[in-house]
Amino acid sequence: MTSIPVRRRVVVTGVASGIGRALAEMLRAQGDDVIGVDLKDADVCVDLGTAEGRQDAVRAVLERSGGVLDAVIACAGISARVPAVIAVNYFGVTELLQGLRPALARAEAPRAAFVGSIVGTRPGAQNVVAACLAGDEHAALAAAAVLAEAGEGGALYPASKAALARWVRHTSVTDAWAGAGIPLNAVAPGVVLTPMHAAIAVTEEQRRIVAQAVPMPLNGHAEPEVIARALRWLTSAENSHVTGQVLYVDGGAEAVLRGPDHT
Ligand code: NAI
């Protein structure tokens with residue numbers, strides 16, 4: 001039997017706020033060595049919305065970790081109606097995970113996960129999604145800019161999460177991930193009470209619209225720790241066989257919105 005290190009070396013992006021922060025606190029409390037990545041207030045301060053920022057992040061993380069990582073968990077994201085949402089939420093996740101994959105492959109029980117969203121179930125901006133999945137950031141941002149200029153920037157955040165939900169399915173089962181023994185999954189929340197939510201649900205009317213769009217019959221809106229706990233399990237050594245999944249931690253929103261006949 002192989003021995004699994006107790007103190008794991010884990011990268012968490014978006015560590016300065018919300019879900020990433022809650023997760024990092026939880027992991028540090030159980031003795032893990034967390035390398036936090038964010039725009040500021042982190043071990044590695046970079047902009048994951050740019051190719052250079054992602055390369056800097058990979059370089060800095062590899063230096064700090066000695067080239068071996070037990071888990072990478074991408075929580076950084078923005079909610080906005082601008083093309084940058086594609087750069088940060090999609091390429092900031094997929095390129096970072098791919099850049100750090102070789103370091104994961106060197107660990108005994110490597111795991112990876114990221115944060116999706118219930119809105120990834122909403123169809124739309126298919127040309128943006130297709131460009132993302134083709135790995136063409138230039139084309140994805142150009143298509144996103146056309147939508148934003150046409151006043152349809154609201155489709156971009158769901159598109160970034162829909163693309164991630166598809167990416168995880170085909171990437172997770174490849175030789176590079178499953179073949180290297182690395183489970184790769186997403187946790188998709190409904191509404192989580194973080195600064196991101198507070199910024200988009202300022203007025204009573206906005207809060208009503210959000211609650212209507214994301215019905216959560218089980219226990220209502222979630223604290224960030226709820227999402228962090230699911231990410232912690234998916235990236236723990238205990239998870240040997242779950243991969244390619246989008247785990248909806250959403251108080252039932254996905255079941256309500258897609259209905260009982262969706263399988
Ligand atoms: P948050 O705003 O509290 O935290 C996001 C963190 O990401 C911040 O620390 C921010 O500085 C960092 N970040 C943003 N852009 C970055 C960049 N370019 N480079 C590096 N770091 C960057 O938000 P929250 O709620 O914790 O969101 C975390 C993830 O959860 C995001 O992917 C978000 O889309 C997702 N999510 C959140 C929901 C919610 O209701 N709060 C619902 C569904 C998904």
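None of these values were measured; they are calculated from a predicted model. Numbering of ligands and ligand atoms starts at 1, following listing order.
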### Query
Do Asn89 and ligand 1 have an N or O pair less than 3.5 Å apart?
no
### Query
With respect to atom 32 (O) of ligand 1, which of Arg21, Lys161, His221, Arg54 exhibits the smallest heavy-atom separation?
Lys161
### Task
Identify the protein heavy atom lying closest to atom 6 (C) of ligand 1, giving its residue, its atom name and the separation to 0.1 Å.
Gly14 CA, 3.7 Å
### Derivation of the side chain to side chain contact (heavy atoms under 4.5 Å, CB included) call for Val85 and Tyr90
CA-CA 8 Å; Val85 83; Tyr90 183 81; over 6 Å; no
#### Entry: Shortest protein heavy-atom distance from atom 44 (C) of ligand 1, along with the residue and atom involved
Gly116 O, 3.2 Å
### For atom 37 (C) of ligand 1, the protein heavy atom that lies nearest, with its residue and separation
Met196 SD, 3.8 Å
### Task
Measure the distance from atom 15 (N) of ligand 1 to every protein heavy atom, then report the residue, atom name and distance (to 0.1 Å) of the closest one.
Ile78 CG2, 3.5 Å
### Query
What is the closest protein heavy atom to atom 9 (O) of ligand 1, and at what distance does it sit?
Asp38 OD2, 2.6 Å
### Message
If I apply the N/O under 3.5 Å rule, does Val192 come out as touching ligand 1?
### Response
yes
### Message
Quick check: Val88 and ligand 1, any N/O pair under 3.5 Å apart?
### Response
no
### Summary
For atom 28 (C) of ligand 1, the closest protein heavy atom turns out to be Cys75 O, 3.0 Å
### Query
Who gets closest to atom 42 (C) of ligand 1 by heavy atom: Gly190, Ser117, Ala84?
Gly190
### Message
Among all protein heavy atoms in this structure, tell me which lies nearest to atom 35 (C) of ligand 1, with the distance rounded to 0.1 Å.
### Response
Val115 CG1, 3.6 Å
### Query
Is there side-chain contact between Trp167 and Leu184, with heavy atoms separated by less than 4.5 Å?
yes
### Message
One residue to check: Leu39. Relative to ligand 1, which of side chain, backbone, both or neither has a non-hydrogen atom less than 4.0 Å away?
### Response
both
### Message
How far is atom 3 (O) of ligand 1 from the closest protein heavy atom, and which atom is that?
### Response
Ser17 OG, 2.6 Å
